[in-house]
Amino acid sequence: MTDTGTAPGDHPPDRGHLPPVTYGVRLVGRTGVTNPSGAGLERHICDLAAHGDRAFLTAYREPTCERTGAYVIDISDPRAPGEIPGAFMETTRGNYVGEGPGVIEMDNEHFSGVLFIHGNEIYAQAHAPDPTGPRQRGGINIWDITDPENARLLTAHAGDYTEVDGSPLDQAVEVYYVFPWTNDLTGRTYVALVTVKVTTDICIMDITDPREPRVVNLLDLRVPPFGVAQESPPGLDSVFAHAVEVRRRGDRYIMGATYWDGGYVLLDVTDPTPGNVSMIAQSVYADVDEERAKQGERVPPEGNAEHCALSPDTRFLVGADENYEAVRLVGRITSGPGAGLEFSAAWSPDTAPVDDVHGISGTPVFVGSGCPGTVPAGRGIALMEREASLLTAGSNPGCSFQEKLDAIAAAGYSAGIVFNRQGPDALHQYPTSAKGPIPLIFVNRLTGLRLLGVTDVTEETAGSTATPVEPDVPSIDLRPVFNGWGYLRLFRTDVPADGPAVLEQIDTYAIPESQDPKYATGFGDLSASHVAIDPDRPLVYATFYSGGLRVLSYGDDGLREVGSYCEPGVDFLGVVVHKIGGKTHVLVTDRNYGLYVFEV
């Protein structure tokens, strides 16, 4: 077993860790990688793909977003995997590569060989090596990896070059997940891109000629003819695409898509051109969170459909709800006309916690954008507005969440609340990636306007209501409520030869510690992250960050854990099932280390 660099177990945990356990699965090899920037490996690795005797690990934006891209790992001997020196596929400076890379073999008149495809997100944090460096990139990169040790970049930054109103952009929209497939009925090869665009966030490109990819469709599942959003229970407001995969079922090609608070969706993409994609099934979140109900609590579901996998026969779908906040922040307005109104908020995990000791209460001070040079000295809570997208705001994009946090901390404030901008994503609410010594909270625009004293705003009008020039800010009280970490869902699917399909939830599964309040902090993230399904056996492999790898059987009788691997310091995210020498292996990425190889 190769151990390049420092093994995860050698990293001291924050304050504790889950007990080590191994059963039903065997670690056969692992290898670390070398960050080409020399900045270390803390949260540096993200996801992976594999082909033949090579695995490809994406390099995320941490620690400094220098020289990100993808590592090439030799897995020909799964007992001794190792990074191939000099084979790193580097993306353009100012971009980083995250989840959902894809590998596909092609053989047509335009190209014969193997492609590796990854998305490009744009790094705009204040502590980037050159925060004013190139940002006009995004989109996807397509590499020829027929000879993986000498990969050739065929296409850079292909993708959607249109603004939400259809006007042209001079850069591609950022992409954070891709999935390629070939329609064997037509011979055309496509790739689905999940983008940060707040409207048509699923882009489908024809890459039959990978040197000349072209957009063939842009999909927004929130609007007709799809209409994914759920009206109840309350709080399921952040509706956007996150991950996709495509499987063939007879003469149909079925896309499974996660749509965060919109749940899980099945689309017919046999013909992916406009007017021919149909939604054939969607999930519905119950009124009560199922895993909290097992603990005797009746609370609304968190949503957060993050990742999914269809079984080889498309009879089942396993989904991962990624709730990376074990507590739900519940606030209440305590003065003024809106006194008594409650709201929810998202905490940014890399900032100071909001807990029973460090609740947030008082009257916020509205500091506008909160950008550097604009924040007056003060104390207590700084209330800030999120500006237009860094991608589409032209020469005046405002500043990043990190810059806001740094600015208010330097000005003397003890906490910050950012509310969302005007526009179609006004009701979205999610934690930011900012890091700092004081709490940073994010709320949707409806809440933000109410925190500015606007009393007649509604969900329907929040996105178009301007920020008041002279707000009358009320006092608030914000406290944590334990909500548990994210967990798995199992759906029974029935995909007929044509027409609508079925997507019926039959079970949920959470690791026990994830629903115990004493594991809310200090034990790493314990949420479900990614899932992969065995091609030959009714087994699903799921990563749970510091909760390790879990192996579960699935079927009509539900989900049952049959294997587990967890050791102190692990931080598992990506997972794929891959045959090496004809034998099935499970490949897993550790965010702080590299690659693990398992047998079941």
| request: Examine the side chains of E290 and Y487 and answer whether a donor and an acceptor come within less than 3.5 Å of each other. | output: yes
| task | For the residue pair R222 and T199, confirm or rule out a side-chain donor-acceptor distance under 3.5 Å. | result | no
| said: So does L310 get a backbone contact from the side chain of E245, meaning a donor-acceptor N/O pair under 3.5 Å? | reply: yes
| query | Which atom names give the shortest non-hydrogen contact between T351 and L405, and what distance separates them? | reply | CG2-CD2, 3.7 Å
| said: Side chains of Y285 and Q505 only: does a donor on one sit below 3.5 Å from an acceptor on the other? | reply: no
| Lys/Arg-Asp/Glu bridge criterion (N-O < 4.0 Å) met for D525, R591 | yes
| Strictly under 6.0 Å, is that where the ring centroids of Y176 and H242 end up? | yes
| query | Do we see a donor-acceptor contact under 3.5 Å between the side chains of E322 and S527? | reply | no
| T458 and T461: side-chain donor and acceptor closer than 3.5 Å? | yes
| query | Does any non-hydrogen side-chain atom of Y413 lie less than 4.5 Å from one of V365? | reply | yes
| message | Looking at E342 and R332, is any side-chain nitrogen of the basic one under 4.0 Å from a carboxylate oxygen of the acidic one? | response | no
| query | Are any of the side-chain nitrogens in R137 or E174 under 4.0 Å away from the carboxylate oxygens of its partner? | reply | no
| query | For M384 and G416, which heavy atoms make the closest approach, and how far apart are they? | reply | CE-CA, 4.0 Å
| field | Pairwise side-chain contact, I45 with Y60, heavy-atom cut-off 4.5 Å (strictly under) | value | no
| message | Side chains of S414 and R379, heavy atoms from C-beta outward: is any pair under 4.5 Å? | response | no
| Heavy-atom side-chain contact between S529 and F572 under 4.5 Å | no
| task | Decide, yes or no, whether a salt bridge links D289 with K294 under the criterion of side-chain N to carboxylate O below 4.0 Å. | result | no
| request: Scan side-chain atoms only and decide if N323 and W485 contain a donor-acceptor pair under the 3.5 Å cut-off. | output: no
| So, E385 and R445, do they make that salt bridge, N to O below 4.0 Å? | yes
| Is any side-chain heavy atom of L452 closer than 4.5 Å to a side-chain heavy atom of F366? | yes
| query | Side chains of L221 and M279: closer than 4.5 Å at any heavy-atom pair? | reply | no
| said: Show the nearest heavy-atom pair for residues C203 and D160, with the distance to one decimal. | reply: SG-CB, 4.3 Å
| Is the centre of the F491 ring less than 6.0 Å from the centre of the F316 ring? | no
| said: Regarding R43 and E62, does a basic nitrogen lie under 4.0 Å from an acidic carboxylate oxygen? | reply: no
| Do the side chains of F419 and L383 get nearer than 4.5 Å, heavy atoms only? | yes
| Going by atom types alone, do Y509 and E561 pair a side-chain donor with an acceptor below 3.5 Å? | yes
| query | Heavy-atom count around Q295 CD within 6.0 Å, excluding the residue itself: above 12? | reply | yes
| Does the distance from a Lys or Arg side-chain N to an Asp or Glu carboxylate O, for K404 and D406, drop under 4.0 Å? | no
| query | Does the T258 side chain pair with the main chain of E306, one donor and one acceptor, at a distance under 3.5 Å? | reply | yes
| message | Between H428 and F240 (judged by ring centroids, cut-off 6.0 Å), do the two rings come close enough to count as a pair? | response | yes
| query | Looking only at side chains, do R328 and N483 share a donor and an acceptor under 3.5 Å apart? | reply | yes
| S238 and Q429: side-chain donor and acceptor closer than 3.5 Å? | no
| query | Is it true that D350 and K435 have a side-chain N and a carboxylate O under 4.0 angstrom from each other? | reply | no
| field | Residue pair Y430 / N444, side-chain donor-acceptor N/O under 3.5 Å | value | no
